[in-house]
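Working notes, structure below.
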Amino acid sequence: TSKSNVLRAAMGVAQHHDAVSGTSKQHVANDYAKHKLKSGGRHCKDVISSVITEGSSNLTFCDYMNITLCDFTQNSNRFTAVVYNPLARAVSKYIRIPVDCTPSYIFVVIELVTGARLTTQVRRNRGNANCELVFLAKLPALGYNSFSIEKYKSSATNKRLFTPKGKVVN
Amino acid sequence: SDDITISNEFYSVNFNRNSGLMDSIVNIESGIKIPVHQDMLWYNGSMGNNASKQQSGAYIFRPNSSTPFHCSNDGKVKLSGSNPLVQEVYQKFSDWAYQVVRLYKGIKHIEVEWTVGPIPVKDQWGKEVISRYETNIDSNGYFYTDANGREVLERKKNYRPTWKLNQTEPVAGNYYPVNSRIYIRDAHVQLTVLTDRSQGGSSLSSGALELMVHRRLLGEDSKGVAEPLNETGQFGDGLITRGKHWLLLDTVTSSAKQHRLLGEEAFMSPLVMFGGATPPALV
């Protein structure tokens, strides 16, 4: 509660003062955005991570995926994506993850619950990462789905089956 | 030499080969095909005139002319190629205005991701950038905007429902808050634009709607801040903003359900997190 209150308080200040819309002096807007809201967001990420993993792991959040920037995914050959759906109904959403790719590598995405390999598309772009990995995530109501993502040399991929490691939790 | 077209199961979007601009949308299911001309333009922020000293600023939108300028007369367009999941068209209006139009496989809307900035102001002209959609929908001065994502209110150009309006600002006087969606319609067809953030929007002529996506001003509107709306950003040359519009073109009767469901998904979009190579133990 104390951690999520940091963002609650920051949002209260921001809404009361019409923050970050040009209706304050610039140094005040900077304080709203850089210190109060960003700090509140950081604390809430800790809350979400500890709730979803019961404190056993630290999940990484990437705030700049809209400009195709995520150090974690760009510098990992194998990682897990956890996608949470806050809606009270199931949805299917395309997920776009910044990755660095070369022509000799491909990405394999496995839905961990079913073990199904998903159709993916790697598109080149002019963002910070040179590629974006796109796939369709089927998400349950008020719940999450998780995906194992691995970068393979394209020649080796055809010869072996991908087996996810770790405990699969439905 | 040909027009560029992207399509999925639900929509087909055509881009003019000469201008590179969107020029028609087809809803494949309902068989609706209408011209939709989309462009990015900017109003010059007023520094005050003989009629009023009021300048355009954070609180006040006041262009000095009803006619906006084009962001570019030399737009460039690029198709990303045939792909299994997403079809994309890249549009470059100018060095500071870009756009990507996307159609995802199995998804029943058109995604327009706009990127605007840093807005140049070396010419000493404050700029208020809009995205404008022009269609042949016979909307007759009526358009609809939401109020905090809840009730959608009918707006009528140069009209207020509870008093006799003396309209002195032909553009700004018809702008309304758009928190999540704006639409125009006639008896049969409705064009809905959902936004990912609050913006100003209007319909200044029949069949047209526009949304203000970014602004950078050199004047001060004298509402207490005593600074112009001129954020210079990390590198001192202005902010770059990126956002999305989601378009729905369908019959009037089926549009309401679609924009309500899509609005929910936009407001409560999925949260993406990452763990290491070994999947984290999730509860």
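- When heavy atoms are compared at a cutoff of 4.5 Å, Ser57(A) approaches chain B solely by way of its side chain, counted from C-beta outward.
- Using a 4.5 Å cut-off between heavy atoms, Val83(A) touches chain B through backbone and side chain atoms alike.
- Tyr59(B) does not carry Lys223(B) over the face of its six-membered ring by the limits of under 6.0 Å from the centre and within 45° of the normal.
- Between Arg96(A) and Glu88(B) there is a salt bridge, since a side-chain N of the basic residue sits under 4.0 Å from a carboxylate O of the acidic one.
- With a threshold of 4.5 angstrom between heavy atoms, Val28(A) does not approach chain B through any atom at all.
- Between chain A and the options Gly275(B), Pro270(B), Gly276(B), heavy-atom pairs under 4.5 Å are most frequent for Gly275(B).
- Heavy-atom pairs under 4.5 Å with chain A peak, among Glu265(B), Lys105(B), Glu231(B), at Glu265(B).
- Of the listed residues Val272(B), Leu85(B), Ile107(B), the one with more heavy-atom pairs under 4.5 angstrom with chain A than any other is Leu85(B).
- Counting heavy-atom pairs closer than 4.5 Å to chain B, the top residue among Leu139(A), Leu136(A), Ile97(A) is Ile97(A).
- Look at Asp63(A) and Lys45(A) and you find a salt bridge, because one of the NZ, NE, NH1 or NH2 atoms lies within 4.0 Å of a carboxylate O, short of that distance.
- Taking the six-membered ring for Trp and the full ring otherwise, Tyr94(A) and Phe135(A) have centroids separated by 6.0 Å or more.
- Counted by atom type alone, Asn179(B) and Ser198(B) present one or more donor-acceptor pairs between their side chains at under 3.5 Å.
- Contacts of Leu261(B) with chain A are made by both backbone and side-chain atoms, with heavy-atom separations under 4.5 Å.
- With a 4.5 angstrom heavy-atom cutoff, Lys25(A) touches chain B via backbone and side-chain atoms both.
- Ionic pairing of Arg216(B) and Glu128(B) is not present here: no N-O contact between side-chain nitrogen and carboxylate oxygen is shorter than 4.0 angstrom.
- Using a 4.0 Å cut-off between charged nitrogen and carboxylate oxygen, Lys3(A) and Asp46(A) count as a salt-bridge pair.
- Annotation: side chain of Gln74(A) is not in contact with side chain of Val99(A) (no heavy-atom distance under 4.5 Å).
- Looking at Ser49(A), there are no atoms closer than 4.5 Å to chain B (heavy atoms on both sides), in backbone or side chain.
- The most heavy-atom pairs under 4.5 Å with chain B, out of Thr23(A), Ile95(A), Asn58(A), come from Thr23(A).
- Heavy atoms of Ser56(A) lying under 4.5 Å from chain B belong exclusively to its side chain.
- In this pair, Tyr32(A) and His17(A) present their aromatic rings parallel. The plane angle is below 30°, not in the 30 to 60° band.
- Using a 4.5 Å heavy-atom cutoff, the side chains of Asp221(B) and Gln54(B) are in contact.
- For a residue to count as touching a neighbouring chain, one of its non-hydrogen atoms must lie under 4.5 Å from one of that chain's; by this rule Leu229(B) touches chain A with the side chain only.
- For Thr115(B), no part lies under 4.5 angstrom from a heavy atom of chain A.
- For Arg102(B), the part lying under 4.5 angstrom from a heavy atom of chain A is the side chain only.
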